[in-house]
Each structure stands twice: as structure tokens, then as C-alpha cells.
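Notes follow once the structure below has been shown.
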Amino acid sequence: MTSPAFKIGTNTSGVNENLATKTVKSVRYYDLLGNESAPPVQGVNVKVTTYTDGTTSAIKVMQ
């Protein structure tokens, strides 16, 4: 028997952990080509937040 191509999980909220208790180490912005920019560029950016425990989170933001 083969495994399915995808798996439907039970977490429907999209929230896997509580980020409110983490301390931010750095925030970086990238354009859609992967170039880092000091201020966010006009249009779509990827905001990557690094926390002091070594974990990261990434979200898309519009400027």
C-alpha cells in the first residue's frame, strides 16, 4: 500500500505555536527574488523574524 500524496492534519487554525512569548533577535526583509533589503521594498516582501531560541517565522507583507 502506498502513502497518500498529502495528509490532512487536525490543526485547522494554522497556528502551530505561541509566538507571543518569544523574544525577537532580528527582522529581515526579502523581495520575491530573494534579495535582502534594509527597508521593505515597494510591493510584496517576505518578512523573516529570527528569535533568540534559534527559530524563525516568515510572512508575506505588502508595502
Side-chain angles (χ1 to χ4, degrees):
M1 178 174 210
T2 61
S3 62
F6 62 92
K7 181 178 178 182
I8 298 174
T10 58
N11 183 359
T12 58
S13 70
V15 177
N16 293 329
E17 59 185 303
N18 182 3
L19 299 179
T21 60
K22 294 187 176 206
T23 304
V24 174
K25 180 179 179 182
S26 67
V27 176
R28 296 178 182 218
Y29 292 92
Y30 297 89
D31 63 18
L32 293 181
L33 296 175
N35 300 312
E36 185 175 351
S37 60
V41 297
Q42 188 69 19
V44 178
N45 294 270
V46 177
K47 177 182 175 183
V48 179
T49 305
T50 303
Y51 300 96
T52 54
D53 66 357
T55 60
T56 59
S57 67
I59 60 169
K60 294 178 280 187
V61 293
M62 291 287 293
Q63 285 294 346

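Fair warning: this is a prediction, and the values are worked out from it, not measured in the lab.
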If two hydrophobic side chains count as joined below 4.5 Å and joins carry through other members, does V27 share a cluster with V61?
->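 Result: yes, single cluster for both.
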Would you say I59 and V44 are hydrophobically clustered, going by side-chain heavy atoms of ILVMFWY under 4.5 Å?
->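 No: no chain of side-chain contacts under 4.5 Å links I59 to V44.
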Does V41 offer a backbone N or O that forms a donor-acceptor pair with the side chain of N45 under 3.5 Å?
->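 Checking the backbone N and O of V41 against the side chain of N45, a donor-acceptor pair under 3.5 Å is found.
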Is atom CD of Q42 surrounded by more than 12 heavy atoms (other residues, nucleotides or ligands) closer than 6.0 Å?
->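 It does not: Q42 CD has 12 such atoms or fewer within range.
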Take Y51 and T56 through the side-chain contact (heavy atoms from CB on, under 4.5 Å) test and state the conclusion after the steps.
-> CA-CA 6 Å; Y51 300 96; T56 59; 5.7 Å; no
What closest approach, in Å, do K22 and D53 show between heavy atoms, and which atom pair accounts for it?
->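 Nearest pair, atom of K22 first, then D53: NZ-OD2, 3.4 Å.
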